[in-house]
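Counting starts at 1 for both ligands and their atoms, in listed order.
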Amino acid sequence: MNEHAFYNILVVAWIILAAIILLVLFFIPAPYGRHIRRGWGPLIPDWLGWVLMESPSAVGMAVLFALGSAPRTVTAWVFLALWEAHYLHRAFVYPFLKRGKDRQMPASVAAMGLFFNLVNVYLNGRYLFTLSGGYPAAWLLDPRFIIGAAVFAIGYTINRWADMVLRGLRRPGETGYRIPQGGLYEWVSCPNYLGEIVEWCGWALMTWSAGGLVFAAWTAANLTPRARDHHSWYRAEFPDYPLQRKALFPGVW
Ligand code: NDP
């Protein structure tokens, strides 16, 4: 089997798995953060889990770029820069900024996250920098790129802002929870997840690739059930939790 055939089979298998995971996560919340519980094996520091899970995406994309056989056009550089703008922060900055980073997470969660990120970086980086044959510079003027990049930027900004608001809810050393307020938090419980989903939908559009699409689907599969769980948790924990606030999609759900 050549790599193109392998890639296509992996895309189909990966999207089917995303649908299964979406269903599973509606019944079994991923056991980290406020939903951590016993029975998921040995624990490691939360910050270490995040570095282990997310660094393959940052490093893997750079390696696939370096090894790629397609022409290294300005478009390829732009894709690399946008991906790394997210993942260098997520893997090597975010884990150390978190308040409560000394909490723990199951090593099994970190292992699953690592596997998820390895497959996704392969599906994206290998396609963009090799299997696609390359994106010409003119792709930067294509409406799919322009609209996708704008959507990506909006999602990225929402995600970073929303994570920053959550950080501000704790003083250094604190581990408790407060009700987040302001901006999109008036509308939904998890604007960080909303931003992340929007961001990768933008990525799928601007790369116009099956790898991008399947990654956006996986992000939604991971974060939609978790948004519902966070929302229910807030309502159970805080009797004064704002009634009009939805879980993930403003005014809808
Ligand atoms: P959470 O919203 O659960 O937590 C983010 C951080 O904020 C944690 O440190 C958490 O502490 C803290 N926090 C959350 N709510 C409160 C509150 N009410 N009061 C005080 N502190 C709070 O996000 P995740 O940890 O699930 O995800 C982190 C980032 O990773 C997000 O940007 C998310 O979009 C992204 N992500 C992306 C995925 C993908 O598939 N692409 C999958 C999972 C996450 P604590 O940990 O102690 O609960």
- Contact atoms of ligand 1, heavy-atom distance to Arg226 under 4.0 Å: 3 (O), 26 (O)
- Report the nearest protein non-hydrogen atom to atom 26 (O) of ligand 1: residue, atom name, distance rounded to 0.1 Å. Tyr193 OH, 2.6 Å
- Polar side chain donor-acceptor pair, Asn117 to Arg90, under 3.5 angstrom: no
- Item | Phe116, Phe115, Trp200 screened by ring-ring contact (aromatic ring centres under 6.0 Å, His included) with Trp218, the one that passes | Phe116
- Query: Is there a donor in the side chain of Glu199 and an acceptor in the side chain of Trp203, or the other way round, less than 3.5 Å apart?
  - Reply: no
- Query: Is there a donor-acceptor pair closer than 3.5 Å between any side-chain N or O of Arg245 and the backbone N or O of Tyr185?
  - Reply: yes
- Note on the structure: Among Lys98, Met105, Glu174, His35, closest by heavy atom to atom 9 (O) of ligand 1 is Lys98
- Which of the listed options, Asn117, Asn222, Leu223, holds the heavy atom that is closest to atom 44 (C) of ligand 1? Leu223
- Compare all side-chain heavy atoms of Val188 with those of Tyr193 and state whether any distance is below 4.5 angstrom. no
- Task: Would you mind checking which non-hydrogen protein atom is closest to atom 47 (O) of ligand 1, with the distance to 0.1 Å?
- Result: Arg103 NH1, 2.6 Å
- Message: I need the nearest protein heavy-atom contact for atom 34 (O) of ligand 1: residue, atom name and distance, please.
- Response: Glu196 OE1, 2.8 Å
- Message: If you compare all heavy atoms of Leu223 against all heavy atoms of Ile197, which two are closest, and at what distance to 0.1 Å?
- Response: CB-CD1, 4.2 Å
- Item | Closest protein heavy atom to atom 32 (O) of ligand 1, given as residue, atom name and distance to 0.1 Å | Asp163 OD2, 2.6 Å
- Should the pair Trp50 and Tyr94 be assigned to parallel (<30°), tilted (30 to 60°) or perpendicular (>60°) ring geometry? perpendicular
- Looking at Trp233, Trp50, Tyr185, Tyr234, the heavy atom closest to atom 27 (O) of ligand 1 belongs to Trp50
- Query: Hey, is Arg90 one of the residues with a heavy atom under 4.0 angstrom from ligand 1?
  - Reply: yes
- Task: Could you establish whether Phe116 and ligand 1 come within less than 4.0 Å of each other, counting only heavy atoms on the residue side?
- Result: yes
- the protein heavy atom lying closest to atom 19 (N) of ligand 1 turns out to be Arg178 N, 3.1 Å
- Got the closest protein heavy atom to atom 14 (C) of ligand 1, with its distance? Arg34 NH2, 3.1 Å
- Indicate yes or no: at least one non-hydrogen side-chain atom of Tyr135 is less than 4.5 angstrom from one of Phe145. no
- Under 3.5 Å, side chain of Arg103 to main-chain N/O of Asp46, donor-acceptor pair present? no
- Query: So among Trp83, Tyr127, Phe79, Trp77, which one has a ring-ring contact (aromatic ring centres under 6.0 Å, His included) with Phe65?
  - Reply: Trp77
- Item | atom 5 (C) of ligand 1 - nearest protein heavy atom and its distance | Tyr94 OH, 3.4 Å
- Do we get Arg37 above Tyr32's six-membered ring, with its NZ or CZ under 6.0 Å from the centre and within 45° of the axis? no
- Query: Out of Tyr32, Tyr177, Phe215, who gets a non-hydrogen atom closest to atom 25 (O) of ligand 1?
  - Reply: Tyr32
- Message: Counting only nitrogen or oxygen atoms and a 3.5 angstrom limit, does Arg170 reach ligand 1?
- Response: yes
- Query: What is the nearest protein non-hydrogen atom to atom 3 (O) of ligand 1, stated with its residue, atom name and distance?
  - Reply: His230 NE2, 2.7 Å
- Message: Less than 4.0 Å is my threshold; does some heavy atom of Gly176 fall inside it relative to ligand 1?
- Response: yes
- Query: Below 4.0 Å from any atom of ligand 1, is there a heavy atom belonging to Asn192?
  - Reply: yes
- ligand 1-proximal atoms of Thr219, by part, heavy-atom distance under 4.0 Å: both
- Message: Does the residue Arg167 have a heavy-atom contact with ligand 1, meaning some pair of atoms that are separated by less than 4.0 Å?
- Response: no
- Item | Location of contacts on Asp46 toward ligand 1, heavy atoms closer than 4.0 Å | neither
- Phe152 and Tyr156 aromatic ring geometry - parallel, tilted or perpendicular at 30°/60° bounds: parallel
- Query: N/O of Trp200 under 3.5 Å from N/O of ligand 1, yes or no?
  - Reply: no
- Message: Below 4.0 Å from ligand 1: does a non-hydrogen atom of Gly33 turn up there or not?
- Response: yes
- Query: When you look at Arg126 and Glu3, which way does the salt bridge (Lys or Arg N to Asp or Glu O under 4.0 Å) test go after all the steps?
  - Reply: CA-CA 10 Å; Arg126 192 66 182 154; Glu3 191 177 357; 2.7 Å; yes
- Message: I'd like to know whether Tyr7 forms a ring pair (Phe, Tyr, Trp, His ring centres under 6.0 Å) with Trp14, so could you lay out the CA-CA distance, the side-chain angles of the two residues, the decisive distance to 0.1 Å, and finally the verdict.
- Response: CA-CA 10 Å; Tyr7 183 92; Trp14 202 232; over 10 Å; no
